[in-house]
Asks: 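I'd like to ask some things about the structure below.
All values below were derived from every heavy atom in this structure, side-chain atoms included, with hydrogens, water molecules and symmetry-related copies excluded. Here the structure is a predicted model, which means the values were calculated and not measured. Each chain gets a letter, A, B and so on, in the order its sequence line appears, and its residues count up from 1.
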Number of protein chains: 2
Amino acid sequence: MKIGEIAKKAEMPVKTVRYYADIDLVSPNGRTDAGYRTYNDAALRKLVFIRHARAFDFSIEECRELLGLFTDQQRTSADVKSIAQKRLAQIEAKQTELQSLHDELAHLVGACRGDNRPDCPIIDYLG
Amino acid sequence: MKIGEIAKKAEMPVKTVRYYADIDLVSPNGRTDAGYRTYNDAALRKLVFIRHARAFDFSIEECRELLGLFTDQQRTSADVKSIAQKRLAQIEAKQTELQSLHDELAHLVGACRGDNRPDCPIIDYLG
DNA sequence: ATAAACCTTACAGCAACTGGAGGGTAAAGT
DNA sequence: ACTTTACCCTCCAGTTGCTGTAAGGTTTAT
């Protein structure tokens with residue numbers, strides 16, 4: 001499989017696949033005579049794995065860690081769960097933060113008449 | 001006021017104040033003979049304004065826009081409200097996204113026994 | 001034969017800073 | 001007066017996770 005084909009199957013840009021190769025996250029299994037990267041099905045599974053993990057906002061380094069567990073026969077589900085729980089806690093923290101952000105801003109927007117007079121509680125609050 | 005003083009009053013790192021000067025977001029009103037940036041109270045108010053707006057995840061460009069309105073006597077509250085509403089919609093979209101992320105991941109974490117056996121629904125799902 | 005589609009590397013850029021090197025200056029202590 | 005400490009300066013590199021572009025080489029289809 002050349003890079004275009006695996007990228008299509010993994011549903012990500014060619015650039016991204018090449019980037020993952022550059023940072024040694026998912027390496028091609030070889031090169032053609034012309035220097036084209038060649039990939040196998042194992043690489044495809046890794047890319048799909050990463051796409052899913054990235055959708056969960058796992059960082060690249062977390063993906064690397066998870067990928068290690070993914071291919072490690074010795075891993076325990078506790079290892080994986082612990083990483084996922086850490087991520088979940090991060091998400092929950094972000095949610096809380098976003099909620100108070102939302103509430104404050106919504107309050108200000110609600111208080112602003114939005115007419116063509118210059119006085120505005122949003123500006124007052126921010127300033 | 002020199003940069004250290006205004007940074008302290010505005011509650012942000014000196015580096016950040018210097019950065020805002022570099023990108024012409026908040027310029028010093030002059031320089032000392034030695035080349036030190038000098039700031040006045042108007043600059044301080046702008047920095048505080050920006051810190052608040054940034055806490056709402058307004059981008060620097062949005063801050064620039066808001067700052068323009070802030071100092072523009074001709075602005076109407078409708079101008080400001082429209083920017084704030086746009087931002088509110090972005091926050092709400094992010095919240096929805098984060099919620100489904102949370103639910104999916106929480107489901108997976110809940111399904112994982114987290115013992116020392118290798119089979120793990122999180123890995124199964126991601127792979 | 002040639003054009004389109006594909007591949008390569010290498011560098012630049014995004015946002016919004018942060019850190020560090022390598023210096024000059026000012027304020028405070030002795 | 002001298003030294004230490006605390007500031008200040010510029011410039012460059014790095015962060016994250018790519019994406020865009022330039023300037024080429026290769027393969028495939030017509």
Side-chain angles (χ1 to χ4, degrees), chain A residues 1-40 43 46-67 86-87 90-91 94 97 101, chain B residues 1-40 43 46-67 86-87 90-91 94 97 101:
Chain A
M1 239 186 308
K2 279 185 295 182
I3 201 165
E5 193 182 343
I6 200 173
K8 196 166 194 174
K9 285 182 181 163
E11 292 170 60
M12 52 175 69
V14 167
K15 273 269 178 191
T16 302
V17 179
R18 213 175 272 133
Y19 172 69
Y20 289 163
D22 285 351
I23 61 170
D24 293 319
L25 187 60
V26 180
S27 301
N29 60 332
R31 297 272 186 153
T32 68
D33 288 352
Y36 290 12
R37 290 171 184 81
T38 57
Y39 289 93
N40 54 25
K46 285 183 188 177
L47 289 178
V48 171
F49 180 98
I50 290 163
R51 181 164 53 79
H52 288 154
R54 292 285 301 138
F56 280 106
D57 263 7
F58 283 97
S59 74
I60 290 289
E61 286 316 306
E62 284 170 325
C63 285
R64 204 189 288 278
E65 204 178 349
L66 283 167
L67 215 54
K86 214 164 30 176
R87 186 85 275 278
Q90 285 168 21
I91 291 173
K94 190 84 191 166
E97 192 188 320
L101 214 85
Chain B
M1 239 184 311
K2 280 184 295 181
I3 202 166
E5 193 181 343
I6 200 173
K8 197 167 193 173
K9 285 182 181 162
E11 292 172 58
M12 52 174 68
V14 167
K15 275 270 181 190
T16 302
V17 179
R18 215 176 270 133
Y19 172 69
Y20 289 162
D22 285 352
I23 62 170
D24 293 318
L25 186 60
V26 179
S27 301
N29 59 332
R31 297 270 187 155
T32 68
D33 288 352
Y36 290 11
R37 290 171 186 81
T38 57
Y39 290 92
N40 54 24
K46 285 184 189 177
L47 288 178
V48 171
F49 179 98
I50 291 163
R51 181 165 52 78
H52 289 154
R54 293 284 302 137
F56 281 105
D57 263 8
F58 284 95
S59 74
I60 289 289
E61 287 317 305
E62 283 170 326
C63 286
R64 203 188 289 277
E65 204 177 349
L66 282 167
L67 215 52
K86 213 163 35 176
R87 186 85 276 279
Q90 284 167 21
I91 291 173
K94 189 85 191 166
E97 191 189 319
L101 213 85

Asks: Take A:Ala34 and B:Arg37, find for each the nucleotide of DNA chain D with the closest heavy atom, and name the residue whose nucleotide sits nearer the 5' end.
Replies: B:Arg37
Asks: Tell me which residues in residues 1-14 of chain B lie within less than 4.0 Å of DNA chain C, going by non-hydrogen atoms.
Replies: B:Pro13
Asks: Determine the contact category for A:Arg54: base if any of its heavy atoms lies under 4.0 Å from a base atom, sugar-phosphate if only primed atoms, P, OP1 or OP2 are that close, otherwise nothing.
Replies: sugar-phosphate
Asks: Considering only distance and modelled atom types, tabulate donor-acceptor pairs under 3.5 Å from the side chains of residues 28-38 of chain A, sequence neighbours left out.
Replies:
from    : atom 1 : to      : atom 2 : distance (Å)
A:Asn29 : OD1    : A:Thr38 : OG1    : 3.2
A:Asn29 : OD1    : A:Tyr39 : N      : 3.4
A:Arg31 : NH1    : A:Gly35 : O      : 2.9
A:Thr32 : OG1    : A:Ala34 : N      : 3.2
A:Thr32 : OG1    : A:Gly35 : N      : 3.4
A:Thr32 : OG1    : A:Tyr36 : N      : 3.1
A:Thr38 : OG1    : A:Gly30 : N      : 3.4
A:Thr38 : OG1    : A:Gly30 : O      : 3.1

Asks: Indicate the atoms forming the closest heavy-atom contact of B:Leu47 with B:Ala10, along with that distance.
Replies: CB-CB, 3.7 Å
Asks: Taking for each residue the nucleotide of DNA chain C bearing the nearest heavy atom, is the 5' side occupied by A:Tyr36 or by A:Lys15?
Replies: A:Tyr36
Asks: By the salt bridge (Lys or Arg N to Asp or Glu O under 4.0 Å) test, which pairs, at least two apart or in different chains, include something from residues 2-12 of chain A?
Replies: A:Glu5-A:Lys9, A:Glu11-A:Arg51
Asks: What are the bounds, 5' to 3', of the part of DNA chain C that sits under 4.0 Å from heavy atoms of chain A?
Replies: C:dC6 to C:dA10
Asks: My understanding is that only residues two or more places apart in sequence, or in another chain, count here; which of them pass salt bridge (Lys or Arg N to Asp or Glu O under 4.0 Å) with A:Lys86?
Replies: none
Asks: Once salt bridge (Lys or Arg N to Asp or Glu O under 4.0 Å) is applied, do any residues pair with A:Arg18, and if so which ones, sequence neighbours excluded?
Replies: none
Asks: Pairs under 3.5 angstrom only: tabulate donor-acceptor contacts from the side chains of residues 60-67 of chain B to other protein residues two or more places apart or in another chain.
Replies:
from    : atom 1 : to      : atom 2 : distance (Å)
B:Glu61 : OE1    : B:Arg64 : NE     : 3.1
B:Glu61 : OE2    : B:Arg64 : NE     : 3.4
B:Glu61 : OE2    : B:Arg64 : NH2    : 3.4
B:Glu62 : OE1    : B:Ser59 : N      : 2.8
B:Arg64 : NH1    : B:Ile23 : O      : 3.2
B:Arg64 : NH1    : B:Asp24 : O      : 3.2
B:Arg64 : NH2    : B:Ile23 : O      : 3.1

Asks: Can you confirm whether B:Tyr20 sits close enough to B:Lys46 that some side-chain heavy atom of one is under 4.5 Å from a side-chain heavy atom of the other?
Replies: no
Asks: Drop me the distance from B:Ile91's CD1 to B:Arg87's CZ, to the nearest 0.5 angstrom.
Replies: 5.0 Å
Asks: Looking only at heavy atoms, what is the nearest atom pair of A:Val14 and A:Gly4, with distance?
Replies: CG2-CA, 4.0 Å
Asks: Reading DNA chain D from 5' to 3', where do the contacts with chain B start and stop? Cut-off is 4.0 Å to heavy atoms.
Replies: D:dC7 to D:dC11
Asks: Using a cut-off of strictly less than 4.0 Å between a heavy atom of the residue and any atom of DNA chain C, enumerate the qualifying residues of residues 25-32 of chain A by number.
Replies: A:Arg31
